[in-house]
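Indexing begins at 1, ligand by ligand and atom by atom, following the structure's order.
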Amino acid sequence: MDWSEEDKLVQHADYWLQRAGGLKDEDLYFYNQPLEELHGGARVAVRGREMLMFASYSYLGLLGHPRINAAATAAVDKYGTGTHGVRLLAGTLRLHEELEETIANFKHAEAAITFSSGYVTNLSVVSTLVGRHDTVICDKLNHASIVDGCLLSGAKFLRFKHNDLPDLDRTLAKSDPKGVRLVVVDAVFSMDGDVINLPGVAALCKKHHAWLMVDEAHSLGMLGKTGRGIEEHFGMDNAIDIKMGTLSKTIPSVGGYVAGRKELIHMLKHASRAFIFSAALPPAQAAAAKAAFEVILDEPERVAALSRNAAQFMNGLKQLGFDTMRTSTAIVPVLCGVDMRAYEMTQHCQHRDIFVLPVVSPAVPDGQARLRATVTAGHSPQEIEQALDVFEFAGKQVGII
Ligand SMILES: *Cc1c(COP(=O)(O)O)cnc(C)c1O
């Protein structure tokens, strides 16, 4: 193909070049920066400069944990770096079964299945559970991977207002009771840091005979006294039919899982296309994930440190006058307003060695651009204070405090 200006695909590519290029010219582009060293997670090196990391998903600071690293290394020594293919055929190792048993126990479920990413888990699981004659109902702020799974499924796709129980009740009431009805929500919302009202949502699902799937990407290891997630947080057991999570955030690996009744897991292992047509998790990643679940239970002080740090960070930002929206977790949005203000805020922070990134439209509504700051169990109180000082300076420079 010629690279012709009239071509629609060329125009699309050009849009993204222009959008990023304009920011790069103004030194406002901080995406896709390669990190060179991790120093255990709370600090990173970027182009030779050491920075404090406030954009990490490694909430419990488990990246680089010696026991997890050792498990991964041992798995490579034993099995090599890949598998013989897809799970259904020759790709399953004893290690995958052990990982799935570990996840099932951790989540108080009968069984579990793993996939090669969290994104793919949502895509494949939602589209296996519901189809053309069914209805899937989502919170408006659900993660993109859930939305994509809903679209792929071909099911009737309904959305209710964020964390709004009366609106969910109405939506369920008007949905077709003949097909399967599946409600899907995030446990902790990834751009806002607030927690779904699980008791309310579970009660409505029961009332309307709907299935409930919850994405715990940001609640695993974060919520509950022992880090088991949102059910532990609310003192509930088996409120969720399909317990989904990722192995790439608190769990320092890659992959996704679903835990639930053994019949459901059996069905997913034979009918979900990502399990059947995409390669198994590599041995090192499976072994690392399994070890990480064990470390969470063996080192409960990490979960306690995370909630302490989240409180210090959030309260510190609030006291400085920032709008942290509705967060109650270690994901702390710092509302900036228009996209440009979020870019400028980022620039001030990055130039003062705080690694933080902006989230802009269309990932969040227009005019609600924000820094999506996260704190981890690995930060010391002094490091959080240091970050707060920089945020104060930056916030005053751009005029949001
Ligand atoms: C990150 C994320 C995913 C995707 O997980 P990956 O393992 O990174 O593919 C799914 N759901 C939510 C809510 C997430 O934040």
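Remark: the Gln312 side chain and the His379 side chain contain no N/O donor-acceptor pair separated by less than 3.5 Å. A side-chain donor from one of Asp169 and His208 sits under 3.5 Å from a side-chain acceptor of the other.
When each atom of ligand 1 is checked for a heavy atom of Tyr119 under 4.0 Å away, the hits are 4 (C), 5 (O), 6 (P), 9 (O). Within the listing of ligand 1, atoms 5 (O), 7 (O) sit less than 4.0 angstrom from a heavy atom of Thr246. Listed by number with element, the atoms of ligand 1 under 4.0 angstrom from any heavy atom of Asp215 are 10 (C), 11 (N), 12 (C), 13 (C). Here is the list of ligand 1 atoms found below 4.0 Å of a heavy atom in Ala217: 2 (C), 11 (N), 12 (C), 13 (C), 14 (C), 15 (O). Numbered from 1 in the order shown, with element, the atoms of ligand 1 that lie under 4.0 Å from a heavy atom of Ser248 read 6 (P), 7 (O), 8 (O). Of all atoms in ligand 1, listed by their number and element, those nearer than 4.0 Å to a heavy atom of Gly118 are 4 (C), 5 (O), 6 (P), 7 (O), 9 (O). Counting the atoms of ligand 1 from 1 in the order shown, those under 4.0 Å from a heavy atom of Ser145 are 10 (C), 11 (N). Remark: ligand 1 atoms within the under-4.0 Å shell around heavy atoms of His218 are 14 (C), 15 (O).
Residues Leu99 and Leu247 are in side-chain contact: their nearest non-hydrogen atoms beyond the backbone lie under 4.5 Å apart. At a threshold of 4.5 Å between non-hydrogen side-chain atoms, the residues Met345 and Phe391 count as touching.
Ring pair His218/Tyr57: centre-to-centre distance below 6.0 Å.
Heavy atoms of Asn122 found under 4.0 angstrom from ligand 1 belong exclusively to the side chain.
Closest to atom 14 (C) of ligand 1, if we only count protein heavy atoms, is Lys249 NZ, 2.8 Å.
Partner Ile251 forms a side chain to side chain contact (heavy atoms under 4.5 Å, CB included) with one of Thr246, Ile103, Ile296 and no other, that one being Ile296.
By the 6.0 Å contact criterion, CG on Asp2 is open, its count of non-hydrogen atoms from other residues, nucleotides or ligands being 12 or less.
Within the 4.0 Å heavy-atom shell around ligand 1 one does not find Ala144.
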*Decide yes or no on side chain to side chain contact (heavy atoms under 4.5 Å, CB included) for His162 and Phe189, but give the supporting numbers first.*
CA-CA 10 Å; His162 176 53; Phe189 288 84; 3.4 Å; yes
